[in-house]
Number of protein chains: 2
Amino acid sequence: MSSHAHHPVLKKNQKLVQDVLVSACAPLSAYSILDVLRDQGFRAPLQVYRALDKLMEFGLVHKLESLNAFVACTHDACEANEPAAFMICEECESVSELGDTRLASHLGKLADHENFALKHTTVELHGRCKNCS
Amino acid sequence: MSSHAHHPVLKKNQKLVQDVLVSACAPLSAYSILDVLRDQGFRAPLQVYRALDKLMEFGLVHKLESLNAFVACTHDACEANEPAAFMICEECESVSELGDTRLASHLGKLADHENFALKHTTVELHGRCKNCS
DNA sequence: CCTAAAAATGTTATGTTATTACATATCAAT
DNA sequence: ATTGATATGTAATAACATAACATTTTTAGG
C-alpha cells in the first residue's frame with residue numbers, strides 16, 4: 001500500500017515548508033509561509049522559495065499560477081504524472097486537485113494536433129464549490 | 001462579416017494599450033507596456049493596469065497567469081465566450097489561442113460533476129511550438 | 001575516517017508585479 | 001448646467017520573486 005516511488009528525504013527547510021502546506025486549509029503565498037516559519041528561524045523569502053522549488057520538483061507541491069500561491073499535493077503520489085486540474089473556490093478558498101486522465105489526454109491530443117511538444121500544463125478552474133453554492 | 005457584438009468605444013489609454021498588444025509578437029508584461037507608452041505620456045503602472053482591466057472585461061485582452069503577461073485576443077470576436085486554452089512556446093515565446101469547444105465542454109462537465117459553479121478557466125500549455133522543434 | 005564535490009542554507013540587496021489612496025478631469029443623461 | 005458615473009493622473013506602498021555571494025552540511029569516493 002506504500003507509494004511506489006521514493007521521494008528523496010526532505011531537508012530541514014523543505015520539511016518545514018511542506019508541513020506548513022499540508023496543515024493549511026487553503027493555498028498559501030510564499031510570504032505567508034515565511035511568516036509562519038519565522039519562529040523556526042526563517043528570515044528571508046529565498047529560504048521559502050528554494051524549499052518550494054525542490055518540493056515542486058519532487059511533485060509534493062504545486063503552484064497555483066492564478067493565485068501566486070502554493071498547495072501541497074493531495075495525490076499521495078503525484079510523481080511524474082502531473083495533476084490534471086485544480087478547482088479553486090472563490091468563496092472559501094478551498095482547492096481540490098483533480099487527476100482526470102481524459103482531460104490530460106485531451107490536452108495531449110490538442111498539442112499533438114498542432115505539433116506542439118507539451119512540457120507542462122496549467123489548468124485552474126475558478127468558481128464556487130459545492131458547499132458554497 | 002462584421003462582429004455581431006459591439007464592444008464599447010475604447011478610451012484613449014485603452015486604445016493605446018490595445019494597440020501595443022496587437023502589434024506585439026509575444027505576451028507583454030504591464031511594465032513593458034508602460035515602457036513602450038512613456039513617449040505617449042504614460043507615467044505610472046496604474047495607467048496600464050486600469051486599461052488592461054477594461055480590455056479584459058471587454059474580452060479584447062487575456063492575461064497569461066503563468067507568465068504574468070498579457071496578449072491581445074486573436075479571436076476577432078472573443079466576446080462572452082472564453083478562450084479555451086493558450087499554447088505558449090518556451091523557445092520563441094509565441095502564443096496561440098485555442099477555442100476548442102470540446103475542451104471547454106469537458107471542463108464544464110468536470111465542474112458539473114463536482115457541483116462546482118464554474119466562472120472562469122485558466123488553461124495554459126507550455127512547450128515547444130511546431131517551428132521550434 | 002578524510003576529503004573533495006555537490007547540495008543546502010544564510011543574508012543582503014534588488015528586481016518585478018500589482019494595488020491603495022486620493023485628486024482631477026471627462027463624459028453622458030437628464 | 002448639474003449631477004453621477006467613468007476615466008485619468010500621481011505618489012506611495014504592498015506583494016511576489018530572484019541575483020549574488022558567503023558559509024555550512026551532506027554525500028560519495030579513496
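Everything quoted here is computed from the prediction, not taken from an experiment. A, B, ... follow the sequence lines: proteins, then strands. Residue 1 opens every chain.
For B:K119, the side chain to side chain contact (heavy atoms under 4.5 Å, CB included) partners are A:E90, A:R128, not counting sequence neighbours. In this structure B:V61 satisfies the side chain to side chain contact (heavy atoms under 4.5 Å, CB included) test together with B:Q18, B:L21, B:L52, B:L55, B:M56, B:F70, sequence neighbours excluded. In this structure, the side chain to side chain contact (heavy atoms under 4.5 Å, CB included) partners of A:E57, at least two apart in sequence or on a different chain, are A:K54. Residues satisfying the side-chain hydrogen bond (donor to acceptor under 3.5 Å, both in side chains) criterion with B:S29, sequence neighbours excluded, are B:S32. Applying the side-chain hydrogen bond (donor to acceptor under 3.5 Å, both in side chains) criterion to B:D100, with sequence neighbours excluded, gives A:H106.
The two atoms that bring B:E65 and A:S66 nearest to each other are OE1-CA, 3.7 Å, heavy atoms only. Listed here is the closest heavy atom pair of B:P45 and B:L34: N-CD2, 3.8 Å. B:G59 and B:C73 get closest at one heavy-atom pair: O-CB, 3.5 Å. The nearest pair of heavy atoms linking B:S133 to B:C129 is OG-O, 3.1 Å.
Using a 4.0 Å cut-off on heavy atoms, the residues of residues 44-54 of chain B that approach DNA chain D are B:A44, B:L46, B:Q47, B:R50, B:K54, listed by number. Looking at residues 22-38 of chain A, you'll see A:S29, A:Y31 sit with a heavy atom under 4.0 Å from some atom of DNA chain D.
Counting heavy atoms from C-beta on, the side chains of A:D35 and A:F42 never come closer than 4.5 Å. Contact of the A:E97 side chain with the A:H62 side chain is registered, since non-hydrogen atoms from C-beta on lie closer than 4.5 Å. In this structure, B:L10 and B:F58 have side chains that are in contact, with non-hydrogen atoms separated by less than 4.5 Å.
Using cut-offs of 30° and 60° on the angle between ring planes, the pair B:H120 and A:H126 is tilted.
Atom CZ of B:R43 and atom P of D:dA11 are 7 Å apart (whole Å).
Membership of the apolar cluster around A:L98 extends to A:M87, A:L103, A:L107, A:L110, A:F116, A:L118, A:V123, A:L125, B:M87, B:L98, B:L103, B:L107, B:L110, B:F116, B:L118, B:V123, B:L125, as traced through chained side-chain contacts below 4.5 Å between ILVMFWY residues. Other residues sharing the hydrophobic cluster of B:I88, ordered by chain and number and joined by side-chain separations under 4.5 Å: B:L64, B:L67, B:V71, B:F86, B:V95.
Each of B:N68 and B:N13 was assigned the nucleotide of DNA chain D with the nearest heavy atom; the assignment lying further toward the 5' end belongs to B:N13.
Between its opening and closing five pairs, the helix from C:dC1-D:dG30 to C:dT30-D:dA1 changes axis direction by 40°, a value rounded to 10 degrees.
Scanning DNA chain C 5' to 3' for nucleotides with an atom closer than 4.0 angstrom to a non-hydrogen atom of chain B gives a first and last hit of C:dT17 to C:dA21.
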Which atom pairs link the protein and nucleotides 24-29 of chain D when you take only N or O atoms and keep those under 3.5 Å?
residue, atom, partner, partner atom, Å
D:dT26, O3', A:K11, NZ, 3.1
D:dT27, OP1, A:K11, NZ, 3.1

